[in-house]
Novice: 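What follows is a single structure, and I will ask about it in a moment.
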There are 2 protein chains.
Amino acid sequence: MVKASIGNTADMTTTLTYSGGGNERPARSTMKDVARLAGVSVKTVSRVVNGEPGASAAVRERILQAAERLDYRHNLGASTLRRKGARSGIVGALLQDIGNSFSAGLLRALEDVLREDGLSVLAASLDEEPERERGIVSDLVARRADGLVLMPASDRHEYLLSEHRAGLPLVFVDRRPHGLDCDSVTVDNLLGAKLATAHLIAGGHRRVAMLSDLQQIETAKDRIDGYRAALVEARIEFDPDLLVHSVRSEEEATRVVTDLLSRPDPPTAFLTGRNIITVGAVRALRSAGMIGKVALVGYDDFPLADLVEPALTVIRQDVRRIGTEVGQILLDRLGGDSGPPRRVVLEPSLVIRGSGEIPPPVAG
Amino acid sequence: MVKASIGNTADMTTTLTYSGGGNERPARSTMKDVARLAGVSVKTVSRVVNGEPGASAAVRERILQAAERLDYRHNLGASTLRRKGARSGIVGALLQDIGNSFSAGLLRALEDVLREDGLSVLAASLDEEPERERGIVSDLVARRADGLVLMPASDRHEYLLSEHRAGLPLVFVDRRPHGLDCDSVTVDNLLGAKLATAHLIAGGHRRVAMLSDLQQIETAKDRIDGYRAALVEARIEFDPDLLVHSVRSEEEATRVVTDLLSRPDPPTAFLTGRNIITVGAVRALRSAGMIGKVALVGYDDFPLADLVEPALTVIRQDVRRIGTEVGQILLDRLGGDSGPPRRVVLEPSLVIRGSGEIPPPVAG
DNA sequence: TGTGTTTACGTCAACGTTGACGTAGATGAG
DNA sequence: CTCATCTACGTCAACGTTGACGTAAACACA
């Protein structure tokens, strides 16, 4: 493989297509144009546009009118380039999938905090693809983003060391950084899964199955650890058949649950490691006619979990809180806080709604 | 009120806070630094960084090493400024609320289409606040965004005329532009609501209530029109008591439904004009013990609507499709398409799941 | 009235990059 | 060997804006 160039690679076809396409975007007028029309110097226009003092009311008015006539718009790029320590005003948010409620909720909370400081969010979905992560990070660095929020798809993060050293505020969310010491806001996934499993065991269950996502995903791994820790504490022997990982879709979850239920010694309770797995599991219980007969705790909460039949007992992560926390750290860093990395770990909670309190069948 | 300045207003406090804060972000190294270290001119560095020809292998290697040593990163801002018709690579997406499944799903689909062309999405929630819309649009214009996707909070859009004339690709989503002739992708809300209402009427209902959002929101208005059109077609007299608008929250929806059900001549079916209203309504039916006794059609579909008890009959809008369509138009425009505005209107569909097929009680 | 200060401008250079163009040396054709 | 051509660079200016600094006129004050 050829060593990649650092910036954007020259692309000949673009030029061709563009000139072929026809309507180039007409050039925006600049301060120079406004200055000419108003009969003043560019610098004076700059002053008026920026609301700085040093312009008489008359000149000010002339300039504003000229600007309006010419549809003048301030060019933030040029301004940022010229100004000393100017910020770009952009924060990158690289999340798992902007379309799912967890990422979307987080993004929303983050946006609210950052808006206070006039920062905009450039959002991207990584879909667990490490290469996309690298590409987008590189783009954001080239854009001189003021900060980065990362729910990493990659598992090693040394490549960010130089950016972090260069002073780029970097906050990991939901997953911890590896090979890099920076701020992070995570949820104690081990604790959550342990809570859930212990709750089921306390309800009398001995055969609790767990369905989980790709093991390479840190949160998935932590949840599995929590599940196993609860079994150990309850002195229940771990049955490898009851732990299914790499469940990636709703359909797969349905199949797995259906399969498990048809085994000779089926589980009497399920812990589902992710929303789409929970949904797939509920579907399986429905079609197997096992609603109300098999217990289920989902990880994590979602909008209508209380309206589903049965109402779902879940482990809840406070998305809003996570996003707010991330935003706050970012603002602090931008404000000059150069203290040691903060590692915020939030505790998830168990929300009891019914599905997790179904008792095991009377022993046979 | 003082006439606002055009660009960013000078903010003295920022400067103070910043210098007080301590660690200014250390300056990134530039091509000049790399050039010095490699013993070549800046222009040659530029060539190598951009993968252009005109540099010997030896020089190329020296430059790349120097760049690495100095943690050099291409400055896209400066590059864009200098290049001729260069694009900023940013598209603004101003949606209602990035946290809700409709906006989030749309954003996700849009992102996928735009990524193909190397465009990034700057996302923002408007929360039905026209002023915020203006502010963010102005910011994006100053950033020289390559395009704008707008689910407007404002009801007049003349203020965008100049930007549109200046060649800024502009696509309205979900709501039509007013006072501006530009591309849009909307859903036929009137048709959707009519379908829903007609479906309930066909099931034997004569007293169908509708709960709707703020009347100033276009989609809400259209849905009300659809509801009324269906009544007219069925020759059912419109009862103003059965139409409640400006229902803004889940709790409010619950209260309204509860209240309607306690009236002397209660509705036997409900059409809920928005997701949170649907959820609130289901809650009301639950606590009133009317599940399975009162019919309900929701507008629109959401992730778990089929798992709720009763499974919800809904009007579905294909979010993914909407987002893709918007993205495609944007790409076409960026590719030079200067044809007349496109007005894509998608048809929603009725998804039958049970709640909408509950018959009215036998007449008393 | 003279002198210092303020106000309202203007000039110039620089931010980091790249297009246009120049040039010295290498290469090739005849 | 000559002259045209090509290659690998370099120089310069410009993109749109703003900081630093200059200056002429107005103003303040003793």
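Below, read A as the first sequence line, B as the second, and so on, with proteins coming before strands; counting in each chain starts at 1. Values in this document were obtained by computation on a predicted structure and should not be read as measured data.
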Novice: Without decimals, in angstroms, what is the distance between B:Arg28 CZ and C:dT17 P?
Specialist: 11 Å
Novice: Report the residues that fulfil side chain to side chain contact (heavy atoms under 4.5 Å, CB included) with A:Arg143, sequence neighbours left out, ordered by chain and then residue number.
Specialist: A:Leu122, A:Asp139, B:Leu76, B:Ile90, B:Ser120
Novice: Between B:Gly54 and A:Ala27, which is nearer to the 5' end of DNA chain D once each is assigned its nearest nucleotide?
Specialist: B:Gly54
Novice: Look at the side-chain N and O atoms of A:Ser79 and state whether any lies under 4.0 Å from the OP1 or OP2 oxygen of D:dT18.
Specialist: yes
Novice: Starting the side chain at C-beta, find the nucleotide from D:dA8, D:dG16, C:dG16 nearest to B:Asn75.
Specialist: C:dG16
Novice: So what does A:Ser56 hit on the nucleic acid, given a heavy-atom distance under 4.0 Å: a base, only sugar-phosphate, or nothing?
Specialist: sugar-phosphate
Novice: How many Å lie between CD on B:Glu52 and C1' on D:dA8, as a whole number?
Specialist: 13 Å
Novice: Verify the neighbour count for atom CZ of B:Arg343: are there more than 12 heavy atoms of other residues, nucleotides or ligands below 6.0 Å?
Specialist: yes
Novice: Please figure out whether B:Arg144 or B:Ala57 has its closest DNA chain D nucleotide nearer the 5' end.
Specialist: B:Ala57
Novice: Once each nucleotide of nucleotides 10-15 of chain D is scored for protein heavy atoms under 4.0 Å, what B/S/- sequence comes out, 5' to 3'?
Specialist: BB-BBB
Novice: Who passes side chain to side chain contact (heavy atoms under 4.5 Å, CB included) against B:Leu119, sequence neighbours left out?
Specialist: B:Val91, B:Leu114, B:Asp117, B:Asp146, B:Leu331, B:Leu334
Novice: Below 4.0 angstrom, N of the basic side chain to O of the carboxylate: do A:Arg28 and B:Glu163 qualify?
Specialist: yes
Novice: Without decimals, in angstroms, what is the distance between A:Asn50 CG and D:dG19 C1'?
Specialist: 12 Å
Novice: Between A:Arg108 and A:Glu111, does any NZ, NE, NH1 or NH2 come within less than 4.0 Å of an OD or OE carboxylate oxygen?
Specialist: yes
Novice: Determine whether a donor-acceptor pair (N or O, by modelled atom type, separation under 3.5 Å) exists between the side chain of B:Ser29 and the backbone of B:Leu70.
Specialist: yes
